[in-house]
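Residue numbers start from 1 in every chain, and the chains themselves are labelled A, B, ... in the order their sequence lines are given, proteins ahead of strands. Every value quoted in this text rests on a predicted model; they were computed, and no experiment measured them.
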Amino acid sequence: MKSRSLFRRLALFFGFAFLYVPILSMIVYSFNNSRLVTVWDADDSPTLKWYRALLSNDQILGAAWLSIKVAAVTATGAVILGTLAGLVLARFGPFKGRTLLSGMTTAPLVMPEVITGLSLLLLFVFLEQLIGWPQGRGFVTITIAHITFSMAYVTVVVQSRLATFDDSLEEAAMDLGARPAKVFFRITLPLILPAILSGWLLAFTLSWDDLVISQFVAGPGSTTLPMVVFSKVRLGVSPDINALATIMVMIVGFGVLVSALYMRRQERRVALEAQMARADKH
Amino acid sequence: MARSQVRQPQKPPIDAWGAGRLGLIFSLFYRYGPPRWSQYVRQHWSGQRLVIGVPFLWLFLFFAVPFIIVFKLSFSEVRLAMPPYAPLIEKVSEAAYAINVNMGNYAYLFTDPLYTSSYLYSVKVAAVSTLFCLLVGYPMAYAIARSTPTLRNVWLMLIILPFWTSFLLRVYAWVGLLKTDGLINQALGLVGLGPYTMMYTDFAVYIGIVYSYLPFMILPLYSNLEKHDLTLLEAAADLGASPIKSFLRITLPLSFPGIVAGSLLVFIPAVGEYVIPSLLGRSDQLMIGRVLSDEFFANRDWPVASAVSIAMLLLLVVPIVLFQRFQNRELAGARK
């Protein structure tokens, strides 16, 4: 028994070392004074000069702002469409075209990005020829493409959340005379709200992170942050990218910490309420 | 009071007037059309069509139609024009149309060794990386599933955390580690080994893929392993089975669905991977995702790029269908 728990500890230790050493190395080297990424300049480090360089780089800041805008619109659109699709697939029973809809929602999860990017670009070119819209490519085309692939993730999250409880509450509301829209907003929506929130964050991250599809559907003059980073690191390592990575890891880490603490408090509150409800009964 | 009346939950028939494909458009038309029609429609229309229709139309327009265009384009001939291909049906004169269906792009894929070798290489890289991913991910998923519930949540959060940070930056982190004067070779140098050439090799691509896709392997495995009935293992131990034997005869076969799901989630996107081989991989042997993108952007040969993607989809159709089946079964299973 002891050897097995040792094995488990080793698996976790090496696994997490594998996952976190690269990230830690980026954080450490973002404070390095030397331009050579792998040489630690002990005399003048740690330094914040790469952070200053990053924050005065207008190209990176502009691209980051575009990425934030795209990601926010994408996440909102993907949540609306993905929630509808998840609701339809989980609740509407069989209907004509159900197989097609469920196929179209799960396929983007595993579709190679190059194919999605190519096919959407061809669609936009074709549409522009046919009806003159979208004129050129940029914010609109990137956002449409991002919504399309990230709504699949939201759909799966919402659908699996809906699958964890049956529709008896919704049925009861219907029996009491609530119209379907009311049932959705008063019963279903509050129940799936956690799934919708995590779907929004997921879609935001996917859009913020996407390089390949953006490269296909972006036009000249609309460069997202991953596109700038990719063109920079392709030419070799540049230390200000380490600083960028560090900032992003900090933001994500902080966000995850806050949400974990919040969830723990929620759980405690639910447990307490359940206890009180039990006490009331007796 | 109307509220107190017990109403039958009316689930309106989806296809109220048996009409077909344009149902949504028609229903909108009827809804806002002349009153006597809308009266009729109000009885049969409940917004359900709209709820189905909005995501359906979106996905149809931005997911299905693009594929039809790619498919169509893969049979076209390349032309020096904008857009750079010949239409399939061309008006030759007032009365005559020419149909330019051309299999040449597909024939080209088979005759030029660049394409076949890229396909084979991509499948090889994806398969080897998936195997490594399984070898790294299985022990981790197993260890997490057997931890105490509190620790379990911490471990899972730590698995998912890197996923929220940029994929591109995580791949880039390995450049600094794998370079000939990078951190790994510096560390090996301290114990008198190396330096080894690791950048721009297959090994670097395997590392990059395993590193980026590890959560996709661990999470399905974990959700399978966590559900196992541990009394089976106790029974096996009582009957004298060694831990290794009971793992091989009980845990491993039971976790097979998790292995399949995790492997498909890694294998399918890895075949078309573009970023990782571009940053870490060889320049003398390209993966198919890179070939496609070069064909499109550098050579501006849209028809061949389309044929490359159709061929890639054909290659992936079996794993994708397998994955969809699995996904549907999982979602149906969660319901019970």
Quick check on A:T205 against chain B: is it the side chain, the backbone, both or neither that has a heavy atom closer than 4.5 Å? side chain
Using heavy-atom distances under 4.5 Å, tell me whether B:F267 contacts chain A through its side chain, its backbone, both, or neither. neither
Describe, in one word, how the ring planes of B:Y142 and B:F247 are oriented to each other, choosing from parallel (under 30°), tilted (30 to 60°) and perpendicular (over 60°). perpendicular
With respect to chain B, which residue among A:L206, A:L127, A:L100, A:L225 yields the maximal number of heavy-atom pairs within a distance under 4.5 Å? A:L100
Can you tell which of A:V249, A:T116, A:L120, A:D210 has the highest number of heavy-atom pairs within less than 4.5 Å of chain B? A:L120
Are A:H146 and A:S214 packed together at the side-chain level, in the sense that at least one heavy-atom pair is separated by less than 4.5 angstrom? yes
With a 4.5 Å limit on heavy-atom distance, are the side chains of A:V88 and B:F56 in contact? no
Just verifying a value: how many Å separate A:I115 CD1 and A:I213 CD1, rounded to the nearest 0.5 Å? 11.0 Å
Tell me, yes or no, whether the heavy-atom count around B:I244 atom CD1, taken from other residues, nucleotides or ligands under 6.0 Å, exceeds 12. no
Checked B:I160, B:I69, B:I207 vs chain A; the most non-hydrogen pairs under 4.5 Å come from B:I69
Contact origin within A:T105 toward chain B - heavy atom pairs under 4.5 Å: both
Note: vs chain A, highest number of non-hydrogen pairs under 4.5 angstrom among B:F71, B:W155, B:F60 is B:W155
Winner by heavy-atom pair count (cut-off under 4.5 Å) against chain A, out of B:I159, B:V65, B:V136, B:V271: B:I159
Using a cut-off of under 4.5 Å on heavy-atom pairs, state which of A:I241, A:V21, A:L211 scores highest against chain B. A:I241
From the options B:Y211, B:Y213, B:F216, select the one residue that forms a ring pair (Phe, Tyr, Trp, His ring centres under 6.0 Å) with B:F163. B:F216
Chain A contact via B:F167 - side chain, backbone, both or neither, heavy atoms under 4.5 Å: both
Is B:L214 close to chain A through its backbone or its side chain, or both, or neither, when contacts mean heavy atoms under 4.5 Å? side chain
For the residue pair A:F204 and A:W208, does the interplanar ring angle fall in the parallel (under 30°), tilted (30 to 60°) or perpendicular (over 60°) class? parallel
Sort A:F216 into side chain, backbone, both or neither according to what part of it lies under 4.5 angstrom from a heavy atom of chain B. both
Gap separating the CG atom of A:L123 from the CZ atom of B:F63, nearest 0.5 angstrom: 12.5 Å
Select one option (side chain, backbone, both, neither) describing which atoms of A:V212 are under 4.5 Å from chain B's heavy atoms. side chain
Residue from B:G272, B:P269, B:P162 scoring the most non-hydrogen pairs under 4.5 Å with chain A is B:P162
Under 4.5 Å from a heavy atom of chain B, the part of A:L81 involved: both
Using the ring of A:F13 (Phe, Tyr or Trp, six-membered ring only), decide whether A:R9 places NZ or CZ under 6.0 Å from its centre and within 45 degrees of its axis. no
Is it the backbone or the side chain of A:A145 that comes under 4.5 Å from a heavy atom of chain B, or both, or neither? neither
Just give me the residue among A:V229, A:V256, A:I144 that pairs up with chain B most often, heavy atom to heavy atom, under 4.5 Å. A:I144
Checking heavy atoms, do the side chain of B:F62, its backbone, both or neither come under 4.5 Å from chain A? both
Heavy-atom distances under 4.5 Å only: say whether B:L158 touches chain A with side chain, backbone, both or neither. both
Contact part of A:M104 toward chain B, heavy-atom cut-off under 4.5 Å: side chain, backbone, both or neither? both
CG of A:L12 to CZ of B:R146, rounded to nearest 0.5 Å, is 12.5 Å
Side chain from CB out, backbone as N, CA, C, O: work out which of these in B:L161 comes under 4.5 Å of a heavy atom of chain A, or both, or neither. both
Kindly give the heavy-atom pair with the smallest separation between B:G208 and B:L280, and that separation in Å. CA-CD1, 4.0 Å
Taken to the nearest 0.5 Å, the spacing of A:L202 CG from B:W164 CH2 works out to 5.0 Å
OG1 of A:T155 to CG of B:L59, rounded to nearest 0.5 Å, is 7.0 Å
Checking heavy atoms, do the side chain of A:L121, its backbone, both or neither come under 4.5 Å from chain B? side chain
If one checks every heavy atom of A:F126 against chain B at 4.5 Å, the contacting part turns out to be side chain
Is the centre of the A:F18 ring less than 6.0 Å from the centre of the A:F14 ring? no
Checked A:T83, A:L201, A:I80 vs chain B; the most non-hydrogen pairs under 4.5 Å come from A:L201
